[in-house]
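For reference, the structure discussed in these notes is given below.
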Amino acid sequence: MSISIAIVEDEKNYNNALKKVINYQQDMKVIAQFFDGNDALNNLASISPDVVMMDIQLQDMLGIEIIFKLRKDMPNTQFIMCTSFEEDEKIFNSLKAGAMGYLVKGESMDKILSSIRDVHNGGAPMSFSIARKVLHHFEKETPEVKGFDELTEREKEILELLSQGLLYKEIADKKFISMDTVKKHVGNIYRKLHVNNKVEAINKLNQTKN
């Protein structure tokens, strides 16, 4: 089955060029083109393509804003930023909003096509210059896990079991407590570590082990 793609790009020539090259591939097809942000914001969720090629700086709004607003309604769609901007702030705001790829305009069509396939298969494709900036950013960051010391011993135990891949029921059985108690502990863990989900909590736990 071919990969369905929507293009959000206000530069018509580039939008149409992308569509032409993508539709030439046997394993992918453009099912929608948008030339302004508002149109994309109102219609993308109902189309729900596999991949969205998203320009950052649209004439009427930022592509980052569109992703941020639609991400929850489009859990199965992967967003790739395709833009001329390489500023750190735009890169990280895009990734925080939910983009899984970041390509600089001027990349070869081969790179763009391989990136669509990569992101569809669970990858996070980036232009080399962007990947270097991301790595440099994390090299500069000193891991500081706020809130970990606030966890009780039982909460630390449960977080450790979560990191081992155990389900709530398995943790409840292992610790001889109810599922509701496990959920309550997990809620406290999220609150104290200032995270929203299990993956973020486990990442913070792993930082303390480094």
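In what follows, every heavy atom counts, from backbone to side chain, and hydrogens, waters and symmetry copies are set aside.
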Item to check | Over-ring placement of Lys111 relative to Phe128, 6.0 Å and 45° cut-offs | outcome: yes
Next on the checklist: List the residues meeting side chain to side chain donor-acceptor pair (under 3.5 Å) with Asp10, not counting sequence neighbours, and say none if there are none.
Outcome noted: none
Next on the checklist: For Ser4, give me all partners under side chain to side chain donor-acceptor pair (under 3.5 Å), at least two apart in sequence or on another chain.
Outcome noted: Asp50
Next on the checklist: Taking the side chain as everything from C-beta on, heavy atoms only, tell me whether Leu205 gets closer than 4.5 Å to Glu160.
Outcome noted: yes
Item to check | Of all pairs that satisfy salt bridge (charged side-chain N to carboxylate O under 4.0 Å, His left out), the ones with a partner from residues 24-48, not counting sequence neighbours | outcome: Asp27-Arg117
Checklist entry - Does Ile7 sit in a hydrophobic cluster with other residues, and if so which ones, taking ILVMFWY side chains as linked at heavy-atom separations under 4.5 Å, directly or through other members? => result Ile3, Ile5, Tyr14, Leu18, Val21, Ile22, Met28, Val30, Val51, Met53, Ile80, Met100, Leu103, Met109, Ile112, Leu113, Ile116, Val119
Next on the checklist: Can you confirm whether Lys204 sits close enough to Val195 that some side-chain heavy atom of one is under 4.5 Å from a side-chain heavy atom of the other?
Outcome noted: yes
Checklist entry - What pairs meet the salt bridge (charged side-chain N to carboxylate O under 4.0 Å, His left out) rule with one or both residues in residues 62-83, with sequence neighbours excluded? => result Glu65-Lys69
Checklist entry - Taking the hydrophobic residues Ile, Leu, Val, Met, Phe, Trp and Tyr, and joining any pair whose side-chain heavy atoms are under 4.5 Å apart, which ones share a cluster with Phe68? => result none
Item to check | Listed partners of Glu9 passing side chain to side chain donor-acceptor pair (under 3.5 Å), at least two apart | outcome: Lys105
Item to check | Donor-acceptor contact below 3.5 Å, side chain Asp118 vs main chain Pro125 | outcome: no
Checklist entry - Does Thr181 have any side-chain contact (heavy atoms from CB on, under 4.5 Å) partners at least two apart in sequence or in another chain, and if so, which? => result Ile177, Ser178, His185
Item to check | salt bridge (charged side-chain N to carboxylate O under 4.0 Å, His left out) contacts touching residues 170-185 (sequence neighbours left out) | outcome: Glu157-Lys175, Lys169-Asp173
Checklist outcome for this item: Sorted by chain and residue number, the side-chain contact (heavy atoms from CB on, under 4.5 Å) partners of Ala6 (sequence neighbours excluded) come out as Ala32, Phe34, Leu44, Pro49, Val52
Next on the checklist: Can you list everything that forms a side chain to side chain donor-acceptor pair (under 3.5 Å) with Lys198? Sequence neighbours excluded, please.
Outcome noted: none
Next on the checklist: Measuring only between side-chain heavy atoms, which start at C-beta, is Leu159 closer than 4.5 Å to Phe148?
Outcome noted: yes
Checklist outcome for this item: Arg191 meets the salt bridge (Lys or Arg N to Asp or Glu O under 4.0 Å) criterion, sequence neighbours left out, with none
